[in-house]
Protein chains: 6
Amino acid sequence: MADRKTALVISAHAADFVWRCGGAIALHADKGYDVTVVCLSFGERGESAKLWKQPGMTLEAVKSARRAEAEKAAKALGVHDLVCMDLGDYPLDLGREEKNRLVEVIRKVQPAFMLSHSKYDPYNTDHMYTTQVALECRMIAQAWGHNPGEKVLGAPQLYLFEPHQTEQMGWKPDTFLDITSVWDKKRAAIECMEGQEHLWEYYTRVAINRANHFKRNSGGQSGGRDCKYAEGFESIFPRTVDEL
Amino acid sequence: MADRKTALVISAHAADFVWRCGGAIALHADKGYDVTVVCLSFGERGESAKLWKQPGMTLEAVKSARRAEAEKAAKALGVHDLVCMDLGDYPLDLGREEKNRLVEVIRKVQPAFMLSHSKYDPYNTDHMYTTQVALECRMIAQAWGHNPGEKVLGAPQLYLFEPHQTEQMGWKPDTFLDITSVWDKKRAAIECMEGQEHLWEYYTRVAINRANHFKRNSGGQSGGRDCKYAEGFESIFPRTVDEL
Amino acid sequence: MADRKTALVISAHAADFVWRCGGAIALHADKGYDVTVVCLSFGERGESAKLWKQPGMTLEAVKSARRAEAEKAAKALGVHDLVCMDLGDYPLDLGREEKNRLVEVIRKVQPAFMLSHSKYDPYNTDHMYTTQVALECRMIAQAWGHNPGEKVLGAPQLYLFEPHQTEQMGWKPDTFLDITSVWDKKRAAIECMEGQEHLWEYYTRVAINRANHFKRNSGGQSGGRDCKYAEGFESIFPRTVDEL
Amino acid sequence: MADRKTALVISAHAADFVWRCGGAIALHADKGYDVTVVCLSFGERGESAKLWKQPGMTLEAVKSARRAEAEKAAKALGVHDLVCMDLGDYPLDLGREEKNRLVEVIRKVQPAFMLSHSKYDPYNTDHMYTTQVALECRMIAQAWGHNPGEKVLGAPQLYLFEPHQTEQMGWKPDTFLDITSVWDKKRAAIECMEGQEHLWEYYTRVAINRANHFKRNSGGQSGGRDCKYAEGFESIFPRTVDEL
Amino acid sequence: MADRKTALVISAHAADFVWRCGGAIALHADKGYDVTVVCLSFGERGESAKLWKQPGMTLEAVKSARRAEAEKAAKALGVHDLVCMDLGDYPLDLGREEKNRLVEVIRKVQPAFMLSHSKYDPYNTDHMYTTQVALECRMIAQAWGHNPGEKVLGAPQLYLFEPHQTEQMGWKPDTFLDITSVWDKKRAAIECMEGQEHLWEYYTRVAINRANHFKRNSGGQSGGRDCKYAEGFESIFPRTVDEL
Amino acid sequence: MADRKTALVISAHAADFVWRCGGAIALHADKGYDVTVVCLSFGERGESAKLWKQPGMTLEAVKSARRAEAEKAAKALGVHDLVCMDLGDYPLDLGREEKNRLVEVIRKVQPAFMLSHSKYDPYNTDHMYTTQVALECRMIAQAWGHNPGEKVLGAPQLYLFEPHQTEQMGWKPDTFLDITSVWDKKRAAIECMEGQEHLWEYYTRVAINRANHFKRNSGGQSGGRDCKYAEGFESIFPRTVDEL
């Protein structure tokens, strides 16, 4: 833990981390980070329509299929550790013990930065609930009196990754990340999501358009750096810098 | 212009650049930047109460005194070029020609980043007007058809520096800058503002408190970096990065 | 269910649906909709002051009186089905089982649109809690894995009806509905609310003033359609249309 | 004017109407609307970089080229009347007389609805200035005392079309329009914009992704209507309806 | 000026001060304030539809009729001084000289508080322009260097009075004023507005409903003070108090 | 209860009331108010880092030390009643019974005004949870049907006291209170907080800077009242007044 840089993704359902920050994961893995991904649920009830349409489907079979997909995608992205907490979805609802387990993961990882959902999402209340839980557990992990003797958490940034229909969520990116060099890995991870094939091209287009924003904001027509694929993020906390 | 990095401050009145971003100016000057400061006016009518209370005071005498202060402060901070446009204050009102002169400065400087006032200020409409003008002239400077043949502007960030009574202005910092190493220079520049001595300690306290925010956001009680003086800024445009 | 169009109102307390969307209910009933109204509670503790001021009053007697009023008002408006869930008020607090019962109602009704409270209400936290529950249960009802085999919910609009003191709630209507043709029914329903007689004229004035807004927005002085009574609504989700 | 329905687009620069609402124009033209497009300027100085990079270019030559493109695109979309006001760009600045000319157009067209830019745009102050002018001139056109005897304007909706980098502009769509049936026309119009070829694919992707939003909001996985290309709009004024 | 308390209303058109703050004017006049009302225009072009529908109407005749109404209403309310600046409406547009005339009025009055329109109004850009001018001229009046030797302005509150369709304007009241004791005067002033008779009952209903808000906020069912008519206001600046 | 005025502070952790509204407490105590302070927890786990760094520390010892500090500070400020509910922190989580206990306190105190935390706080979710609970319990205390026969609550203002890093919390003060006369008491109370000595000077600077805001808003350079120490507050509910 001491020598490697680390990052932590908290994802409501099994597939969220792929569409929304798969590039950030792969890029930082390439840079030597150990990236841990927590899936609070498999999205087994609310985000597995294609599976449920098959005759004789069971909850366990759905969860098993979603877990397999998530593991395959995590491998494609170079995820260091995939933690499937299996807490149930639609709705997600964590008690004190479940929150403590999440705090334990946060403390073990000691992430340099965290990633989670947008603050508001009227389409999917699991998403905004996850962000609320991420903030609460980040706070508990910082408390010296929570399991005294453990190493407490610093003050990692919480980046909110891109939701579907950004404007409806009141999400506004302040950071664009060039993921061109790892695009093949993100695309490969996306293609692990067999149950949601209708979104493969969707998020490819998102990545290309965000690259346009990257270019526009990095110099425009006069010297903007080229970029083919990018991801956008909104920061909860301000940066502290030595030079603008 | 080619070899040196540059920055540009657009200040409504003569003293604004000292209180609000004197540290950023001195720090970047130390790092080898050429920092240009534009004062649209001297604040001669609206921000020179102490002078006007002297018997027999005239507009020219006020402007002259304010200019001398600004020049002294600029020197203390290591400003590369102080441009006093002398356009009149309370209210500021720029016509097409005045805007073109400002565009000319922007293009000549080709700043890596710009600094100006908050977006809203019901106490001082000159301040929000200046920000509006800064955005407009930044846009004109980017136009290939404005004085064709000149080098057009890229896409520098516009940082909004800290206003007085931040919450009333709807200003929210997303970036804190450690100015500890140049604090003596900022304090020296502040003390050039003889007409506003009541603000010397005020902005010293602001700098110390912002340092607390710097520490809190750079790691908190678990490994936060020490910092004695800081300045806060709000970015208009998102960042484009290679690593979070 | 197949042949009739349907709508669903989710109301925190027994009387809310009358003041806030009684016109929408009566109008759509007239147009052939089956309108179901869910009252999560009777407002027995927090919105029955007049009854509690009577000597010897009991909780059951208050609930009984409130239920009678709600049933009478529902009849006046042409409500198809009034569902009194009797979950207790001040505060409302639904567990997993109660939420599942609400999901069951939503799925049974399969509403073309839903109606509930404003997103924020510092005077009455039951109101904003109800909206949060409405969004959560709408989402669960859409999940293929929730009670697999049942017909899942589509994507009905959630309209937020008019709160008391609109501006304090941050509520902004984007839709005005002409209820002139059913005004007599709404007024009759309002007069069923014997415990809150001080509000009869209040909400009559609201309806007349909203009619002014209807006229102003449907053509103004040049051809605006006449309208004597109207109701306003804020939409959570965007519309999808074929013609503007 | 009496028998045909009409619509009016107010565009800051010559190409804006193509990218941002070309589908709405073509679709409504197909439905029998007479659609008038006003270009306040040609975007000759600020949005013609490619032309200015050619040796020996002049302002008149740029304007002429941009006008030709706009006319060709307007023809492809079935625009009824293209009004090029030639008021200059970067910055746009209308005096009283220019505003009166725009009011004259509005009154002559008597649009059923209007289209213009987002309310905020720190990248391009011409855009937000145009929206401000559109609101002001809409108001003047409604005044009985402005050129008394002329037919005054009713209360047409003002739709804000999609800006570049929506979140930075605080733009949030509340209406999606299916433009699948006229996509070929929009694409043809887009390809008239030879100077901005880098945006052809960009706005094709935008249209495909907005179609996904159309589907998601029109029923989702349970019965959502298919749609291949769409455009999004934000309404300034609330709707007045007879049925939800 | 020394002995009497004073207040200042800045109204875009002749009738605005009656509907929106007639009660505040009459109440403070009763309390011994000298209340000055500035009408920047008569609303002769945009708010006099009824007059313009009469045959042979001229601009001068409209202005004369509107002035007579305003004078009659001002008398009914006990206005100390009615200043009709006659600057033209739809649109209002003040140059430097007109602003200086307004500054002169502000300095002469030395108001304890000021009243003007809401910050945003997409229906009526004259209204939001007036608020912007009120803030700018308040600032100039505070400048020691503007007409040195004159008594400068202190820091009076600027209250924003109630617009039509409050939510569309983003207006949120933080202060309710009991105007029961002067209601007869406000109603009499309202009835001077013969050209807008359709609004008499409208604003009577608004006053009754705001009284409900007064009661609700001053103690509710448990000890709320009775109130029959009230007006609401939004403050721009914070209060400075000795006791909460 | 009848003869003395009362106020109520609801504080998430033991020390919050000192830093954030110690001046308001001492000032109102001086004016004859009985001020009750409720500490939901001691901040024993999350805000006692200094204690936990001592070897052999236990939860009970931390709570005991924090309680002693809180009692000492309360005495310095003249608090009438300090209620330590000891509900546990990081995270705070109240069940129905705990909320009822808080309602009981509110009803017993019958406060003229209440004080609590900001509405949003991503650094400390206990703080925003406390405000949510304060609103919910205020509502229950107003319900005639909650413990019928008890005296119900009126409609006291809820003031939000100043959070750390105000802008990150979206907190905007609308009321400044001059606490100069009781500053010595607040400073003495602050010095009781031995575990957080690093904040003593921080909040002294805050108080001095808020005094500058007090002066600026109470007259500025022209007649502003002098003030050495102040506190700022944001009101949730509008005021109801007889005179502006």
Side-chain angles (χ1 to χ4, degrees), chain B residues 10 93-104 106-107 111 113-120 128-161 170-172 174 233-240, chain D residues 12-15 41-67 86-95 98 117-133 163-170 195-196 198:
Chain B
I10 302 179
D93 186 16
L94 279 70
R96 176 64 69 104
E97 194 190 349
E98 286 82 7
K99 289 179 183 168
N100 282 348
R101 283 169 52 202
L102 182 54
V103 172
E104 204 174 325
I106 295 173
R107 283 201 167 167
F113 61 87
M114 299 167 66
L115 287 155
S116 196
H117 295 264
S118 62
K119 267 187 287 189
Y120 179 63
M128 55 182 165
Y129 177 75
T130 295
T131 311
Q132 182 186 315
V133 165
L135 284 171
E136 184 176 328
C137 291
R138 177 182 179 276
M139 175 191 79
I140 301 172
Q142 292 173 320
W144 283 77
H146 177 82
N147 296 342
E150 288 184 9
K151 178 168 164 46
V152 301
L153 183 69
Q157 179 61 270
L158 177 61
Y159 288 105
L160 308 183
F161 44 58
W171 177 86
K172 180 179 171 182
D174 54 35
F233 300 95
E234 177 179 335
S235 313
I236 286 282
F237 304 102
R239 291 183 301 137
T240 54
Chain D
H13 313 106
S41 78
F42 294 108
E44 61 270 21
R45 304 203 311 154
E47 310 202 335
S48 306
K50 197 171 166 186
L51 290 168
W52 285 109
K53 290 174 184 171
Q54 297 172 17
M57 187 52 59
T58 66
L59 195 65
E60 282 316 308
V62 172
K63 280 160 60 165
S64 175
R66 296 290 281 170
R67 180 195 290 270
D86 193 10
L87 301 172
D89 70 325
Y90 280 60
L92 266 168
D93 186 15
L94 279 70
E98 287 81 8
H117 295 263
S118 62
K119 267 186 286 191
Y120 178 64
D121 189 339
Y123 293 84
N124 193 316
T125 59
D126 279 4
H127 288 170
M128 53 182 166
Y129 177 75
T130 295
T131 311
Q132 182 187 316
V133 165
H164 205 70
Q165 299 194 76
T166 55
E167 305 91 357
Q168 307 302 330
M169 315 309 174
Q196 290 158 300
H198 61 292

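By convention in this document, chain letters (A, B, ...) are assigned in the order of the sequence lines, proteins followed by strands, and residues within each chain are numbered from 1.
If you measure heavy-atom distances from B:Lys99 to chain D, you find no contacts under 4.5 Å at all. If you measure heavy-atom distances from D:Tyr123 to chain B, the contacts under 4.5 Å come from both the backbone and the side chain.
Note that CD1 of B:Ile140 is 9.5 Å distant from CG of D:Asp89, once rounded to the nearest 0.5 Å. B:Glu136 contributes atom CD, which lies 10.5 Å from atom CG of D:Asn124 (distance to the nearest 0.5 angstrom).
Side-chain contact between D:Met57 and B:Pro148 is absent, with no heavy-atom pair separated by less than 4.5 Å. Side-chain contact between B:Met139 and D:Tyr90 is present, with at least one heavy-atom pair separated by less than 4.5 Å. Between D:Trp52 and B:His146 the shortest side-chain heavy-atom distance does not fall below 4.5 Å. Looking only at side-chain heavy atoms (C-beta outward), D:Thr125 and B:Gln132 stay at 4.5 Å or farther from each other.
Considering only heavy-atom pairs separated by less than 4.5 Å from chain D, the leading option among B:Leu135, B:Val103, B:Asn147, B:Ile236 is B:Leu135.
In this structure a side-chain-to-backbone donor-acceptor pair under 3.5 Å is present from B:Arg96 to D:Pro91.
Contact detail for B:Trp144 and D:Ala49: the closest heavy-atom pair is CD1-CB, 3.3 Å. Taking all atoms of both residues into account, the shortest heavy-atom contact from B:Ala143 to D:Gly46 is CB-CA, 3.5 Å.
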